[in-house]
Amino acid sequence: MTLIQLHYILTIAETRSLNKAAELLYVSQPSLTSAVKELEKELGITIFNRGGRGVTLTNDGAEFLLHAKELYGQYESILQKYGTGGSYKKKFGVSTQHYSFAVKAFVDMAKFFDMSQYEFAIRETRTSEVISDVSSMKSEIGVLYLSDFNRKSMTKLLHSASLEFHHLIDCSAYVYLWKGHPLAKEPEICFEQLQSYPCLSFEQGDNSAFYLAEEILSTSDYRQTIKANDRATMLNLMIGLNGYTLCSGIICEELNGSDYIAVPFHDSNPEEDSAMEIGYITRKNVLLSQMGERYIEEIRKYLKL
């Protein structure tokens, strides 16, 4: 059974005449009759009664017509949406750990295109969901980091999800806090100075592994910890509780405001490496779309790469 045959049946049923249907369909009557007979043979039913006054539906034909209309209607809806002149909008999505620069790059990318022609999505989310979103092609690009601590586990996880990591920039760890924090004017900050203040981190879900943490040195012994789900809450906790978090030091004042600063972190334990390698992930052997290429270009521009 083909869509052409369904179109033939619907036209014949509407006109109640093989001659008129053939004229509307721009086919010969013998060809039209042959197509109907082939379909009736395939289905094992008689669709039309043929008489001197035209054609009428049989009981089986009337029942089949209901299904044919529904099926052909779905085809027309798909054609209307995706065909030439249709309403289909190209989709582009980014999933990222909570990086303001990643959102800033997305904003600048979106401005470059006619947003009425596209369906854009930016998802600041958990590390596991960044990986899942890109693996399932919900998002084209994911932004996250690797370190000496998580590299082996993350690389294995990315490989099993058919993803590849692309390097962007290497960063030393910074302490991110608000300008009114008692340590804000220090030239650098070490762990010992932070013990009196709560360490803030992004929640990664129940039973999540340490290597999925967004913050560097996630396995260190913190006296006070608070988890949050979004960047706005994290910033509120910095002001309200003098909280802090360890980050890359790449911050966007345009989005986060100018009330926050990043102070270099001094790691007094030489056995722990506090360096971060920030990059993006994509599906293996998949070329970036025009939007994807522009997005990475905007990230590189912001990072001055």
Side-chain angles (χ1 to χ4, degrees), residues 92-112 122-131 133-134 139-155 157-159 163-177 187-189 200-202 204 211-218 231 234-235 244-256 258 260-267 272-284 286-289 291-305:
F92 174 72
V94 172
S95 293
T96 174
Q97 292 177 327
H98 296 79
Y99 297 128
S100 57
F101 74 84
V103 179
K104 169 61 176 170
F106 186 89
V107 169
D108 293 337
M109 177 279 300
K111 289 179 179 178
F112 186 79
I122 176 73
R123 306 175 177 94
E124 277 192 306
T125 188
R126 299 171 177 175
T127 304
S128 60
E129 291 176 0
V130 172
I131 295 171
D133 287 351
V134 180
S139 289
E140 183 175 322
I141 293 171
V143 183
L144 44 71
Y145 87 95
L146 299 180
S147 67
D148 284 351
F149 170 71
N150 72 8
R151 188 179 306 276
K152 183 176 180 180
S153 297
M154 288 288 287
T155 300
L157 187 60
L158 295 176
H159 177 75
L163 302 176
E164 52 188 0
F165 179 86
H166 308 269
H167 170 85
L168 282 171
I169 191 171
D170 293 319
C171 309
S172 298
Y174 282 74
V175 181
Y176 192 38
L177 34 70
E188 61 180 19
I189 301 174
L200 310 176
S201 62
F202 288 108
Q204 297 296 326
Y211 63 81
L212 294 176
E214 296 186 39
E215 300 76 26
I216 197 72
L217 303 177
S218 60
R231 234 175 343 115
M234 182 81 76
L235 297 178
Y244 72 92
T245 188
L246 296 179
C247 70
S248 65
I250 306 171
I251 57 178
C252 179
E253 287 192 1
E254 184 176 336
L255 298 182
N256 282 5
S258 58
Y260 308 90
I261 60 171
V263 179
F265 173 72
H266 175 68
D267 190 357
E272 293 183 312
D273 189 348
S274 57
M276 304 172 68
E277 179 188 4
I278 295 177
Y280 65 96
I281 57 173
T282 61
R283 293 273 302 179
K284 287 183 179 178
V286 174
L287 296 176
L288 290 178
S289 66
M291 292 82 74
E293 290 180 350
R294 185 71 191 192
Y295 178 70
I296 298 303
E297 181 181 336
E298 293 296 341
I299 285 186
R300 292 184 180 278
K301 186 188 302 182
Y302 186 82
L303 297 178
K304 298 179 181 180
L305 300 177

Atom pair OG/CG of S100 and N256 - distance to nearest 0.5 Å
4.5 Å
Test salt bridge (Lys or Arg N to Asp or Glu O under 4.0 Å) on E124 and R231; report intermediate values, then the result.
CA-CA 9 Å; E124 277 192 306; R231 234 175 343 115; 2.8 Å; yes
Stepwise, does the side-chain contact (heavy atoms from CB on, under 4.5 Å) test hold for T96 with Y99?
CA-CA 7 Å; T96 174; Y99 297 128; 3.8 Å; yes
How long is the gap from CG on L303 to CD on E298, to the nearest 0.5 Å?
11.0 Å
Exercise: identify the closest heavy-atom pair between E214 and Q97
OE1-CB, 3.3 Å
Quick check for you: to the nearest 0.5 Å, what is the distance between M291 atom CE and I141 atom CD1?
10.0 Å
Does V130 offer a backbone N or O that forms a donor-acceptor pair with the side chain of D133 under 3.5 Å?
no
ring-ring contact (aromatic ring centres under 6.0 Å, His included) partners for F265, two or more places apart:
F191
When you measure from the side chain of S147 to the backbone of A275, do you find a donor-acceptor pair of N or O atoms at a distance under 3.5 Å?
no
Determine, for E129 against R123, whether the closest basic-nitrogen to carboxylate-oxygen distance falls under 4.0 angstrom.
no
Holding to side chain to side chain donor-acceptor pair (under 3.5 Å), I want the full list of residues that pass it with R300, two or more places apart in sequence or in another chain.
none
Donor-acceptor check, side chain of S248 to backbone of I250, threshold 3.5 angstrom: yes or no?
yes
If you measure from OG1 on T127 to NE2 on H98, what distance do you get to the nearest 0.5 Å?
9.0 Å
Does K152 NZ have over 12 foreign heavy atoms under 6.0 Å away?
no
So, using side-chain contact (heavy atoms from CB on, under 4.5 Å) as the criterion, who are the partners of F112 when residues are at least two apart?
R294
Within the side chain of S139, is there an N or O that forms a donor-acceptor pair under 3.5 Å with the backbone of G142?
no
Look up atom CD in Q204 and atom CD in E215, then write down how far apart they are to the nearest 0.5 Å.
7.0 Å
Under the side chain to side chain donor-acceptor pair (under 3.5 Å) test, residues paired with T245 that sit two or more places apart
none
For a quick test of your reading: what N or O donor-acceptor pairs under 3.5 Å do the side chains of residues 165-174 make, sequence neighbours left out?
| from | atom 1 | to | atom 2 | distance (Å) |
| --- | --- | --- | --- | --- |
| H166 | NE2 | T282 | OG1 | 2.8 |
| H167 | ND1 | E277 | OE2 | 2.9 |

Residue pair I131, L144: steps toward the side-chain contact (heavy atoms from CB on, under 4.5 Å) verdict:
CA-CA 9 Å; I131 295 171; L144 44 71; 4.1 Å; yes
Specify whether F106 and Y295 have parallel, tilted or perpendicular ring planes, treating 30° as the upper limit for parallel and 60° as the lower limit for perpendicular.
perpendicular
Suppose we screen for side-chain contact (heavy atoms from CB on, under 4.5 Å). Which residues come up paired with E188, at least two apart in sequence or across chains?
P264, H266
Roughly how far, to the nearest 0.5 Å, is the CE atom of M154 from the CG atom of L212?
6.5 Å
Run the side-chain contact (heavy atoms from CB on, under 4.5 Å) test on R283 and L163 for me, step by step, so that the C-alpha distance in whole Å, both residues' side-chain angles and the decisive distance to 0.1 Å come before the verdict.
CA-CA 5 Å; R283 293 273 302 179; L163 302 176; 3.9 Å; yes
Determine whether Y176 and L246 satisfy the following criterion, side-chain contact (heavy atoms from CB on, under 4.5 Å), listing intermediate values before the conclusion.
CA-CA 6 Å; Y176 192 38; L246 296 179; over 6 Å; no
